[in-house]
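In what follows, residues are counted from 1 in the order of the sequence shown. Counting starts at 1 for both ligands and their atoms, following the listed order.
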Amino acid sequence: MLIKPIPRKSLPDLVAGKLAAAILAGQFTTGAQLPPERDLIKDFEVSRSSLREALRILADAGVIEAQQGVGWFVSRPSERGLLKARALAAEIEPAHPKAARASAPAGPQRLPVAGEKPLRIPNLKKDRLGTFEFISWWEREKVRAARVLVVGAGALGNEVVKNLALMGIGNLFILDFDNVEAANLSRSILFRESDSGREKAMLAAARAKEINPEINVQYLHGDVTTAIGLGIFRRMDVIIGCLDNREARLAVNRFAYWVNKPWVDGAIQELLGLVRVFVPGQGACFECTLTEQARRDLALRYSCPLLARQNILMGKVPTTPTIASIIGAMQAQEALKLIHAMPVDAGKVVHFNGLNNYMHTTAYVPDENCESHWTYGEITEVPLRAETSTLEELLNVARADLGPEAVIELDQELILSLACSRCGTKEAALKPMSAVSFEAAHCPTCNEMRDVQMTHVITGGESFLRHSLLSVGVPPLHILRANNGVEYRFYELTGDLPETLHFRHFQETNGRQSGRAGNRVRLGRRVKLPAGNRPGPSRKRVRLRK
Ligand SMILES: [Zn+2]
Ligand SMILES: [Zn+2]
């Protein structure tokens, strides 16, 4: 047997590993320029020759490339480059953008003891949550009364929902815009083969109720950036983000801040994962953690928002069910701690690297000028409804408070018209941006991408003031901002409350309850699928051989 000596890492190898980790973590994206050599020398505390050697290692691996006289740039990722970068990064603790100081594990945190907790011997034969009674700090009533919003019912969302249901978190609201496809089945405990084509949010809610019939569930099939009213966020104890893209995280982050709610973010890729808790006013928020490059990417996307949306809907991240279990479990556990008002590490990130099982916590630096750090003031509940109330009605309410100068700010851009610069045609639209696809924005005559005229401020001079709030993209139970140039007021469409937030989906109807027919969705009901895609034993599957 040939025994090879274990290679010792040299300084250039370590520096190359750290740079590779930063690139993999997205601190430097494809095409981004690395900081100048003198900065890197200072950051890594190495000599110029060690740094140059490290850069050469990365360049040889195809991870970065030099531009003569300009500097070093991140290459377009190739398979070889990625493998090499991962191997280099795996040798060191993963670096992280904006990581200021790595903090040592805080040691066992003091557990809050529920002093008034009565000593109760549970009946384990009949009480499904009985075991939890033995946990010193577990407060059953708090857990039963808790309201948790889970945004995203993919790999992470499945694990989170499963755990929340098992723990008896009393009220779960599940949001997702996607439908089940075969590839989801390898990492989604809540979905079955026969679920193909059905709504993930609905299925996750139904299965949560199956796992624990004692909890209440509700779901919404829609996109978090546009479909959910802020009044739902406002009535939650914790929001859990199970998302795979920056735009959706940014939306959840802003909404949570606006209504002063904690949220738990999770992210997974292959065997890597991270968990972070953001609490308004306590350290950094998600937006604070974005690098300059990420912000530039976002700004670029916002300059063509229709395309950005398209890209998000198509985004897929490779993951395994194991990393989803690990990170999803930690997210659910952080939520449980928040429900119990136990201490959490807000504004920090826990990294888990499944390649070497390293786990470490890093604090983010809060950004003083971060645009997300804004919490709404007092919210006025008005008996208006998104579907039946008009822009004019809301404007009148605002003007009664703020004077005739008051304007309404919509959260979603409203498309007014699409104009083609090539053939000169112009189409009036009046649709929220979410209702116009990237394809639809092209000219039907000459296929040119049209100029999109849009607005998000309603000043009172519009021709469409009599249109409903829903028709211009305001979701039910939303909270809208109005201002008169001096102060802001916040109005919630509270008329929507009974229908929009009820947690009554999949409730057994035993005659006592008076749930609306629309809420009593049964899982046994088949959702119509496009022809040719219908599962079921009655239809023989024809397999095509290659
Ligand atoms: Zn921030
Ligand atoms: Zn045209």
Is the gap between the ring centers of His351 and Tyr358 under 6.0 Å? no
Can you label the angle between the Phe255 ring and the His478 ring as parallel, tilted or perpendicular, going by 30° and 60°? perpendicular
Identify the residue among Gln453, Met454, Lys426, Arg450 that makes a side chain to side chain contact (heavy atoms under 4.5 Å, CB included) with Leu418. Arg450
Would you sort out whether Arg276 and Tyr364 count as a side chain to side chain donor-acceptor pair (under 3.5 Å), showing the intermediate values? CA-CA 10 Å; Arg276 41 199 180 179; Tyr364 291 112; 2.7 Å; yes
With Leu336, which of Asn163, Ile169, Val148, Leu164 fulfils side chain to side chain contact (heavy atoms under 4.5 Å, CB included)? Ile169
What count do you get for protein N, O or S atoms closer to the Zn ion (ligand 2) than 2.8 Å? 4
Parallel, tilted or perpendicular, judged at 30° and 60°: which one describes the rings of Trp263 and Phe278? tilted
Ignoring water, what protein N, O or S atoms are under 2.8 Å from the Zn ion (ligand 1)? Cys285 SG, Cys288 SG, Cys370 SG, His373 NE2
Would you confirm whether the ring centroid of Tyr488 sits within less than 6.0 angstrom of the ring centroid of Trp374? yes
With rounding to the nearest 0.5 Å, note down the distance linking CZ in Arg295 to CZ in Arg246. 10.5 Å
May I ask you to say whether Glu334 pairs ionically with Lys348, meaning some side-chain N is under 4.0 Å from a carboxylate O? no
